[in-house]
Amino acid sequence: MAAALALLGRAAALVTGAQRLLRVGGAAERCLSAGIGSAEPPKKPLTAYFRFVKENHSAFRQKNPEMNNRELVKKISDTWKELPASQKQVYEEARKTEWQRYVKEMAAFKAQLTPAQAAALKEERRIRLAKRRSLRAKKELNMLGKPKRPRSGFNIFVSEHYKESEGISPTAKMKQLFDTWQKLSSSQKQTYLQLAEDDKVRYENEIKSWEAKMIELGREDLTRFKKKMPESKKKAGTAKKAGTAKKAGTAKKAGTAKKAETAKASSHENKAKLKLKKSEE
């Protein structure tokens, strides 16, 4: 029961997070596109493989109605891999032709943009690439089995009551659940807060084990420490630098003092020679 509730809570969090990401990302892109103007930039041509998928998807679906989307995509992918090079070349040539057209259209599109519109287009591309990198990073962490972060007491409360809460939209449901949570007494909240503490312990144990595994695989960049220099080495390095600086300062002072003494001795010697010369005269 607890596992099922945990899964439900995570699913609700994922759905809400995805919807928020889509709303924010979509709003940003619409705002930037409005700054660019009514003319839409030309779309990049499909790769040879995706061109093959687009042309043959309907035929594969008709021949394999019992397959789900994942199975169907795998079958199309396997068919593409077994396709002779001569047949793949047809799709590759089509891609090259489309790419040449795309380059010309993109150059013409950029030429008619004002500096502000060009900056907006660049920013839109930056946001889009950042979103892709974020999704790729999350996908990689999921594939590597990174433990889920610990849930708060409120998250656990939501996972238990999300389905039964009132409201059509996820936002309305969350508002209703938040209001209910605020009205709970301290003793009623304590059950969920204790479960949250237990989840923290679970996470700390799992993340330590996972990070040790990542270090063994040479992926320290995925851990919380990211190859930080040990504190002892940092102190040793600082002390070494301080010692070197001190030695340099001492040596410099000694050199200056030595030069002063040499100059003084030379002055006395010159004076003695001058006195001797006068007495001889």
### Message
salt bridge (charged side-chain N to carboxylate O under 4.0 Å, His left out) for Lys183 and Asp179? Distances and angles first, verdict last.
### Response
CA-CA 7 Å; Lys183 293 174 183 176; Asp179 292 340; over 6 Å; no
[X] versus [Y], closest heavy-atom pair with distance:
X: Ser152; Y: Ala196; value: C-CB, 3.8 Å
X: Pro42; Y: Tyr102; value: O-CE1, 3.4 Å
X: Phe109; Y: Pro41; value: CE2-CB, 3.6 Å
X: Glu71; Y: Met67; value: OE1-CA, 3.4 Å
X: Val158; Y: Met174; value: CG1-SD, 4.0 Å

### Task
Begin with the C-alpha distance, continue with both residues' side-chain angles, and end with the deciding distance and a verdict on side chain to side chain contact (heavy atoms under 4.5 Å, CB included) for Leu222 and Leu141.
CA-CA 8 Å; Leu222 299 178; Leu141 291 175; 4.1 Å; yes
### Query
Do Ser169 and Thr171 have side-chain N/O donor and acceptor atoms under 3.5 Å apart?
no
### Task
Consider only side-chain N and O atoms of Asn69 and Arg61, and report whether a donor and an acceptor are under 3.5 Å apart.
yes
Can you measure from [atom1] ([X]) to [atom2] ([Y]) and round to the nearest 0.5 angstrom?
X: Leu193; Y: Asp198; atom1: CG; atom2: CG; result: 11.0 Å
X: Leu83; Y: Lys81; atom1: CG; atom2: NZ; result: 13.0 Å
X: Leu195; Y: Asn155; atom1: CG; atom2: CG; result: 12.0 Å
X: Arg128; Y: Arg133; atom1: CZ; atom2: CZ; result: 11.5 Å
X: Gln87; Y: Phe52; atom1: CD; atom2: CZ; result: 8.5 Å
X: Leu129; Y: Glu124; atom1: CG; atom2: CD; result: 10.5 Å

Can a donor-acceptor pair be found, under 3.5 Å and without considering hydrogens, that links the side chain of [X] to the backbone of [Y]?
X: Glu220; Y: Met214; result: no
X: Ser77; Y: Val73; result: no
X: Gln194; Y: Thr191; result: no
X: Asn142; Y: Lys138; result: yes
X: Ser134; Y: Ala130; result: no
X: Asp199; Y: Arg151; result: yes
X: Gln188; Y: Ser185; result: yes

With heavy-atom distances below 4.5 Å as the criterion, would you say the side chains of [X] and [Y] are in contact?
X: Phe60; Y: Thr79; result: yes
X: Glu55; Y: Tyr91; result: yes
X: Thr180; Y: Phe157; result: yes

### Task
Before giving the answer on salt bridge (charged side-chain N to carboxylate O under 4.0 Å, His left out), spell out for Lys213 and Glu216 the whole-Å C-alpha distance, their side-chain angles and the decisive distance to 0.1 Å.
CA-CA 5 Å; Lys213 184 179 178 182; Glu216 288 178 7; over 6 Å; no
### Message
The test is salt bridge (charged side-chain N to carboxylate O under 4.0 Å, His left out); show your working for Glu123 and Arg126 and say whether it passes.
### Response
CA-CA 5 Å; Glu123 179 64 12; Arg126 187 194 67 77; 2.7 Å; yes
Donor-acceptor contacts under 3.5 Å from residues 203-210 side chains, at least two apart:
residue: Asn205; atom: ND2; partner: Val201; partner atom: O; Å: 3.2
residue: Glu206; atom: OE1; partner: Arg202; partner atom: NH1; Å: 3.0
residue: Trp210; atom: NE1; partner: Leu144; partner atom: O; Å: 2.9

Is [Y] reachable from [X] through a run of I, L, V, M, F, W or Y residues, each pair having side-chain heavy atoms under 4.5 Å apart?
X: Tyr162; Y: Leu184; answer: yes
X: Met106; Y: Trp99; answer: yes
X: Leu113; Y: Val103; answer: yes

### With Phe178 via side chain to side chain contact (heavy atoms under 4.5 Å, CB included) - residues at least two apart
Phe154, Gln182
#### Entry: Residues Lys74 and Asp78 bridged, charged N to O under 4.0 Å
yes
### Query
Are Arg219 and Glu140 close enough, and set up right, to give a salt bridge (charged side-chain N to carboxylate O under 4.0 Å, His left out), and what steps lead you there?
CA-CA 12 Å; Arg219 294 303 307 271; Glu140 181 184 23; 2.9 Å; yes
### Query
Which residue pairs pass the salt bridge (charged side-chain N to carboxylate O under 4.0 Å, His left out) test with at least one member in residues 94-104, sequence neighbours excluded?
Glu92-Arg95, Glu98-Arg101, Arg101-Glu105
